[in-house]
Amino acid sequence: QARLDESGGGLVQAGGSLRLSCLVSGRTFNGYAMGWFRQAPGKEREFVAGTSWSGDMRVYADAVKGRFTISRDNTWNTIDLQMTSLKPEDTAVYSCNGGGQFYLGTYKSGTYWGQGTQVTVSS
C-alpha cells in the first residue's frame, strides 16, 4: 500500500530556511505528478508546489514562487521542498500529495496524502 511520510518541519525565524521531505514507500508514482499543499489555521488547504516524476515540469503557487523549490531524490525516494526566505504567512501544516497530474499547467491533486508536518515561522 502506498505510504507518504513527511518530515523536516519545525520552528524557524522569518528569513530562515527549512527542507521538507516526503518519503514514498509501497509503490512508485512513475508517470504521475506529486506535490505539496499547506493548510493554515482557519484557512482552506492550498496548493504550494508540484512536480512531474521526471522533474521536467514544476509548478509553484504565486505566494512561494522564487522562494520554494520542489525536487525528487532518487536515492532516498523522496519528494523534497526546499523553503527559503520564510515568512510568518508560510506557517501551516504541509502535506505531501501523490498520484496527481498536470492540466494546462495546473497541478491536480491525487488521492494519496501524508500525515503532514508543521512549519511555524516567527516574526
Side-chain angles (χ1 to χ4, degrees):
Q1 187 67 36
R3 184 184 177 95
L4 306 176
D5 294 296
E6 302 97 333
S7 63
L11 175 64
V12 65
Q13 292 186 347
S17 300
L18 284 174
R19 177 181 286 272
L20 307 183
S21 292
C22 173
L23 178 63
V24 180
S25 61
R27 62 161 290 175
T28 71
F29 289 98
N30 186 27
Y32 296 90
M34 298 191 69
W36 286 91
F37 288 73
R38 67 186 183 186
Q39 186 169 24
K43 299 182 64 177
E44 296 182 353
R45 178 180 289 171
E46 64 176 343
F47 169 77
V48 176
T51 180
S52 63
W53 192 252
S54 65
D56 62 345
M57 179 178 292
R58 291 179 287 182
V59 176
Y60 299 91
D62 289 341
V64 306
K65 191 173 299 182
R67 300 187 297 119
F68 292 10
T69 302
I70 187 170
S71 62
R72 182 170 68 91
D73 188 305
N74 290 329
T75 300
W76 298 106
N77 200 29
T78 62
I79 304 296
D80 298 333
L81 184 69
Q82 177 65 50
M83 306 183 294
T84 63
S85 301
L86 284 163
K87 306 174 181 179
E89 306 91 90
D90 296 318
T91 296
V93 174
Y94 286 71
S95 299
C96 181
N97 175 255
Q101 60 181 311
F102 288 106
Y103 178 71
L104 299 179
T106 300
Y107 181 83
K108 301 298 183 181
S109 63
T111 60
Y112 301 93
W113 294 92
Q115 79 286 351
T117 185
Q118 176 71 48
V119 172
T120 302
V121 184
S122 62
S123 60

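Residues Thr28 and Asn30 bring no donor and acceptor atom of their side chains to less than 3.5 Å of each other.
Side-chain contact between Leu11 and Gln118: absent, with no pair of heavy atoms (C-beta onward) separated by less than 4.5 Å. You'll find the side chain of Arg38 stays beyond 4.5 Å of the side chain of Val119, heavy atoms only. Between Gln115 and Glu6, some side-chain heavy-atom pair lies under the 4.5 Å cut-off. Residues Phe68 and Leu86 are in side-chain contact: their nearest non-hydrogen atoms beyond the backbone lie under 4.5 Å apart. Side-chain contact check for Pro88 versus Val121: some heavy-atom pair is nearer than 4.5 Å.
A pairwise comparison of heavy atoms in Tyr60 and Ile70 identifies OH-N, 2.9 Å as the closest pair.
Annotation: Arg3, atom CZ; neighbour count of heavy atoms from other residues, nucleotides and ligands within 6.0 Å does not exceed 12.
For the pair Asp90 and Lys87, the salt-bridge criterion is not met [side-chain N within less than 4.0 Å of a carboxylate O].
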Please assess Val64 against Met83 for the test side-chain contact (heavy atoms from CB on, under 4.5 Å), listing each intermediate value before the final yes or no. CA-CA 9 Å; Val64 306; Met83 306 183 294; over 6 Å; no
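Using cut-offs of 30° and 60° on the angle between ring planes, the pair Phe29 and Tyr112 is perpendicular.
Ring centers of Phe102 and Tyr107: under 6.0 Å apart, within the cut-off.
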